[in-house]
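A short write-up of the structure that comes next.
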2 protein chains.
Amino acid sequence: MKIGDVAKRAGVNVQTIRFYERKGLMEAPPRTASGYRQYTGEAVRRIRFIKHAQELGFSLREIHELLSLRVDPHTTCADIQQYALEKVEDIERRIASLTRMKRALSTLAERCGTDRTLGDCPILDALEEQDPKVAG
Amino acid sequence: MKIGDVAKRAGVNVQTIRFYERKGLMEAPPRTASGYRQYTGEAVRRIRFIKHAQELGFSLREIHELLSLRVDPHTTCADIQQYALEKVEDIERRIASLTRMKRALSTLAERCGTDRTLGDCPILDALEEQDPKVAG
DNA sequence: GGAAACCCTGTACCATGGTGCAGGCCGTAT
DNA sequence: ATACGGCCTGCACCATGGTACAGGGTTTCC
């Protein structure tokens, strides 16, 4: 299979595949006599693995680790589970941070009245403060 | 006040201040005869405004807009409120996306048993699938 | 057999939010 | 008066996840 076919089947750009190869996320495939990369269906599955992992919040660096874990004969399913649970905690921290932001911003917006002037805007005022109690 | 003093008071790097100036987030201040930037306390307040807005989840681009809104005489407090509420919705979408990720990953991790082998790992299997039901 | 469509490499570029460094001038303290 | 720290500009670089383009060779289709 040529790189364009793999790209089409996996729903990514041709450059993206070469980018993944450079980043070590995909093995360098054998080449034809004229230097064209020759892929099998395995390449398509690998790209889908990467894309699914991205959807679950893994960065390319983490996906690289995940792929290394998968190849290492000493890795158990429990190791993968542990890795996933750490990622869950990471996602929880990000959610908590966003939730704080949202609460702070909502609180400020609630204090706005339609008849207020800019000089009396609670949002701008809070942003100006030395140590605003919002976003804590 | 010299740029180093402003940096110290605002708790940022000197280069960061010059970076903000290049990005239009801070006005170019007057210079001494020898070309040194001369700041007032206003600069320190401006940096704090930027930092607080970042904590609330605004990007530098958005902070730029916010600063423009603040200067525009036609802007009302209700306009700022509207802007903040749009940002709240944006944050909500990001939270929803992360929550989906978390749920999918937790579900997969729950299915792992300690006695499973790698060839039978529900997480890796899900990532391999053509159309995994996770991360929906 | 010739044009179009594909592939190759290398390099630069996009956004985001800065950091760091080289080479040179300025200001102040001893 | 000279050393040291601070400031100046311009440029390069960091991570992240790609995208684009130039300048070539190849394959495929009519």
Side-chain angles (χ1 to χ4, degrees), chain A residues 1-40 43 46-67 87 90-91 94 97-98 101, chain B residues 1-40 43 46-67 87 90-91 94 97-98 101:
Chain A
M1 219 186 326
K2 286 196 284 187
I3 194 168
D5 302 322
V6 175
K8 206 165 290 171
R9 287 209 210 177
V12 299
N13 209 309
V14 166
Q15 280 100 310
T16 302
I17 298 177
R18 291 198 279 247
F19 173 74
Y20 287 167
E21 185 181 317
R22 274 204 306 286
K23 290 288 176 178
L25 290 163
M26 299 187 61
E27 268 180 64
R31 305 285 185 118
T32 65
S34 57
Y36 283 27
R37 289 172 179 82
Q38 278 182 306
Y39 292 99
T40 65
R46 170 63 62 102
I47 295 168
R48 283 206 275 250
F49 183 99
I50 295 169
K51 288 294 163 195
H52 294 333
Q54 280 187 316
E55 282 169 25
L56 288 177
F58 291 97
S59 67
L60 292 188
R61 169 190 294 267
E62 290 166 334
I63 294 166
H64 189 81
E65 284 182 61
L66 213 43
L67 289 165
K87 193 66 203 170
D90 175 47
I91 292 172
R94 284 156 68 191
S97 169
L98 285 170
M101 287 180 195
Chain B
M1 217 186 328
K2 284 194 285 190
I3 193 168
D5 302 323
V6 175
K8 207 165 291 173
R9 288 209 209 177
V12 298
N13 208 310
V14 166
Q15 280 100 309
T16 302
I17 298 177
R18 291 198 278 248
F19 173 74
Y20 287 167
E21 185 182 318
R22 273 205 306 286
K23 289 289 177 177
L25 290 163
M26 300 187 59
E27 267 180 64
R31 304 286 184 119
T32 66
S34 57
Y36 283 26
R37 288 171 178 82
Q38 279 183 308
Y39 291 100
T40 64
R46 170 61 64 100
I47 294 168
R48 283 206 275 251
F49 183 98
I50 294 169
K51 287 294 163 194
H52 294 333
Q54 280 188 315
E55 283 169 24
L56 289 177
F58 290 98
S59 68
L60 292 187
R61 170 189 294 267
E62 289 165 336
I63 294 167
H64 189 81
E65 283 181 62
L66 213 43
L67 288 165
K87 192 68 202 169
D90 175 45
I91 293 172
R94 284 156 67 191
S97 170
L98 285 170
M101 286 180 198

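This structure is a prediction, so every number in the text was calculated from the model and none was measured. Numbered from 1 within each chain, the chains take letters A, B, ... in sequence-line order.
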(Q) Quick check: do Thr40(B) and Met1(B) have side-chain heavy atoms less than 4.5 Å from each other? (A)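 Thr40(B) vs Met1(B): side chains apart.
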
Q: Mind listing the residues from residues 26-37 of chain B sitting with a heavy atom below 4.0 Å of DNA chain D? Number order is fine.
A: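 Nucleic-acid contacts, sorted: Arg31(B), Gly35(B), Tyr36(B), Arg37(B).
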
**Q.** Strand contacts (DNA chain D) in residues 15-25 of chain B, 4.0 angstrom heavy-atom criterion
**A.**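 When residues 15-25 of chain B is checked for heavy atoms under 4.0 Å from DNA chain D, the hits, listed by number, are Arg18(B).
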
Q.
Can you measure Leu60(A) atom CG to dT19(D) atom P for me and round it to whole angstrom units?
A.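 To the nearest whole Å, that distance equals 11 Å.
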
So, the side chain of [X] versus the backbone of [Y]: is there a donor-acceptor pair under 3.5 Å, distance only?
X        : Y        : result
Arg46(A) : Leu25(A) : yes
Lys87(B) : Gly57(B) : yes
Arg48(A) : Ala43(A) : no

Q: Verify side chain to side chain contact (heavy atoms under 4.5 Å, CB included) between Tyr39(A) and Lys2(A), making sure each step is shown before the conclusion.
A: CA-CA 6 Å; Tyr39(A) 292 99; Lys2(A) 286 196 284 187; over 6 Å; no

Q) Are more than 12 heavy atoms from other residues, nucleotides or ligands located less than 6.0 Å from atom CD of Glu27(B)? A)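 No.
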
Q: May I ask you to say what Lys51(A) touches in the nucleic acid, namely base, sugar-phosphate or nothing, with a heavy-atom cut-off under 4.0 Å?
A: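 The answer is sugar-phosphate, as Lys51(A) gets under 4.0 Å only of primed atoms, P, OP1 or OP2.
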
Q: In sequence, state the C-alpha distance, the side-chain angles, and the governing distance for Leu60(B) and Ile50(B), and then conclude on side chain to side chain contact (heavy atoms under 4.5 Å, CB included).
A: CA-CA 8 Å; Leu60(B) 292 187; Ile50(B) 294 169; 4.1 Å; yes

Q) What's the verdict on side chain to side chain contact (heavy atoms under 4.5 Å, CB included) for Arg37(B) and Arg31(B), showing C-alpha distance, side-chain angles and the deciding distance? A) CA-CA 5 Å; Arg37(B) 288 171 178 82; Arg31(B) 304 286 184 119; 3.3 Å; yes

Q) Earliest and latest nucleotide of DNA chain C, 5' to 3', sitting under 4.0 Å from a non-hydrogen atom of chain B? A)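 Here the contact window of chain B covers dT16(C) to dG27(C).
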
Q.
Evaluate Tyr20(A) against Lys23(A) for side chain to side chain contact (heavy atoms under 4.5 Å, CB included), listing each step before the verdict.
A. CA-CA 5 Å; Tyr20(A) 287 167; Lys23(A) 290 288 176 178; 5.6 Å; no

Q: Using heavy atoms to find the nearest nucleotide of DNA chain C for Tyr39(A) and Gln54(B) separately, return the residue whose nucleotide is more 5′.
A: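 With Tyr39(A) and Gln54(B) compared, the 5'-side residue is Tyr39(A).
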
**Q.** Asp5(B) bridged to Arg9(B) by N-O distance under 4.0 Å
**A.**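 So Asp5(B) does not pair with Arg9(B) through a salt bridge.
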
